[in-house]
Amino acid sequence: YQISFSFEIVAENLSNVSVEGFLDEMAYNHGEEVTQNITLKLGETEIDEASYSVSYENNLTAGSEATLRITPANNNFTGEIVRTFTITKAKPILNIEEEFENIKGFEGDLLSDLITLPVGATDGTFIFDPEVLTIGTNSYSYTFTPTDGENYETITGTITVEVQEVVLESIEVENPRLVEGNTFDNSSIKVFAIYNNGDRIELSLVECEFSLNNGNTLVYGTDVEVTYQNVTTSIKVLRRTIENGGFVATSANGFDEGVE
């Protein structure tokens, strides 16, 4: 004997399907579409992604109520699932922990001058409190306000900065052509203070002390010393005349060392 039965395979309505992983709120995705990571199940059985299609509406900007729509991709399902979710502001991309680690500066520096946004960071501006660095390892508060305030949060925090004292390291002299026999005149001389923070600052001549061992008359072999804040450099006095094998040369500008 053979018994035959006929039956109809009926499409399942999507209203009977559960949606797992759906979030009521999701953050702005930096200009890209905001999409959900969902799984559909019928009972305990996961539904193959090829059986349904997912589409979105209004899912780009923060503050929007986005729509997720699930529709059948074959004849196994009917109906649709519609869910809405809110897009919230995103945290700015700054990588503060990496970019602001081991920041060092000098007393009197502005913290804003030491901070540069890395490539790929969210555009915006920092406000620091306090703004001016003081000696020591100190914490400084910051507020970062993104340029795109519609889609990014304003954030606050603190960073630690190691601040060094600014110290005068040396002084440099320019245009020091002092020739023997002349009366010392410093009007053409420029003196610069060199600091450990890289600053090179021209000094007023009245801030400097000029010392000669022979009154005001310049003598070859005797340097002129220039002192500023207990830091001293010297200017060599140049020869006016050189002799070589009976040849004598004279120059009002003097001859540099090594010229024979």
Side-chain angles (χ1 to χ4, degrees), residues 3-103 111-112 115-129 139-160:
I3 301 175
S4 298
F5 294 93
S6 298
F7 60 93
E8 180 182 359
I9 300 176
V10 180
E12 186 73 48
N13 194 289
L14 286 174
S15 61
N16 298 320
V17 170
S18 61
V19 181
E20 296 187 358
F22 179 83
L23 300 175
D24 292 326
E25 291 186 348
M26 295 190 72
Y28 173 70
N29 194 26
H30 316 293
E32 301 294 328
E33 289 192 48
V34 180
T35 59
Q36 299 268 353
N37 183 20
I38 58 172
T39 300
L40 268 58
K41 285 187 175 182
L42 185 60
E44 296 299 322
T45 303
E46 185 173 329
I47 300 173
D48 186 3
E49 292 182 2
S51 296
Y52 60 90
S53 299
V54 178
S55 61
Y56 293 88
E57 299 170 11
N58 201 30
N59 63 328
L60 282 174
T61 59
S64 300
E65 184 176 76
T67 300
L68 174 148
R69 191 179 305 275
I70 302 170
T71 55
N74 53 37
N75 294 327
N76 293 330
F77 293 93
T78 61
E80 66 176 4
I81 298 173
V82 178
R83 297 283 184 86
T84 59
F85 60 97
T86 300
I87 300 177
T88 60
K89 291 183 180 183
K91 290 187 179 299
I93 300 174
L94 295 176
N95 298 325
I96 288 175
E97 293 77 8
E98 298 176 9
E99 297 295 333
F100 294 174
E101 186 178 9
N102 299 322
I103 292 179
L111 188 49
S112 56
I115 302 299
T116 56
L117 291 175
V119 175
T122 303
D123 288 335
T125 56
F126 280 101
I127 295 177
F128 296 98
D129 184 22
S139 293
Y140 297 81
S141 300
Y142 67 83
T143 298
F144 178 79
T145 303
T147 303
D148 181 3
E150 179 183 354
N151 291 304
Y152 289 99
E153 298 176 354
T154 294
I155 61 172
T156 60
T158 59
I159 57 174
T160 300

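Each residue takes its place number in the sequence, starting with 1.
- A distance-only check finds no donor-acceptor pair linking the side chain of Asn151 to the backbone of Tyr28 [under 3.5 Å].
- Leu68 CG to Asn58 CG: the interatomic distance, rounded to the nearest 0.5 Å, is 13.0 Å.
- Atom OG1 of Thr122 sits about 8.5 Å away from atom CG of Leu117, to the nearest 0.5 Å.
- Looking at residues two or more places apart in sequence or on another chain, you find a side-chain hydrogen bond (donor to acceptor under 3.5 Å, both in side chains) between Lys91 and Glu153.
- Between Thr154 and Pro146 the shortest heavy-atom distance is OG1-CD, 3.6 Å.
- Side chains of Ile38 and Ile70 form a contact here, defined as non-hydrogen atoms less than 4.5 Å apart.
- Between the CZ atom of Phe22 and the CG atom of Asn37 there is a distance of 12.5 Å, given to the nearest 0.5 Å.
- Taking every heavy atom of both residues into account, Gly31 and Leu60 meet most closely at O-CD2, 3.9 Å.
- With sequence neighbours excluded, the residues that form a side-chain hydrogen bond (donor to acceptor under 3.5 Å, both in side chains) with Ser64 are Thr61.
- Remark: aromatic rings of Phe126 and Tyr142 are close, center separation under 6.0 Å.
- The CD1 atom of Ile127 sits 12.5 Å away from the CG atom of Leu111 when rounded to the nearest 0.5 Å.
- Listed here is the closest heavy atom pair of His30 and Ala90: CE1-CB, 4.1 Å.
- A pairwise comparison of heavy atoms in Ala27 and Val34 identifies O-CG2, 3.7 Å as the closest pair.
- Between atom CD1 of residue Ile87 and atom CD of residue Glu25 there is a gap of 11.0 Å, rounded to the nearest 0.5 Å.
- The distance from atom CG of Asn59 to atom CD of Glu33, rounded to the nearest 0.5 Å, is 4.5 Å.
- Residues Ile47 and Lys41 share a closest heavy-atom pair of CD1-C, 4.1 Å.
- Between Thr71 and Tyr52, every side-chain heavy-atom pair lies at or beyond the 4.5 Å cut-off.
- Between the side chain of Tyr56 and the backbone N or O of Gln36 there is at least one donor-acceptor pair closer than 3.5 Å.
- With a 4.5 Å cut-off on side-chain heavy atoms, Met26 and Thr88 do not count as touching.
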Under 3.5 Å, side-chain donor or acceptor atoms of residues 76-84 against the rest of the protein: list the pairs with distances, not counting sequence neighbours.
residue, atom, partner, partner atom, Å
Thr78, OG1, Asn13, ND2, 3.4
Glu80, OE2, Arg69, NH1, 3.4

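- What you find for Tyr152 and Pro92 is that their closest heavy atoms are CD2-CA, 3.8 Å.
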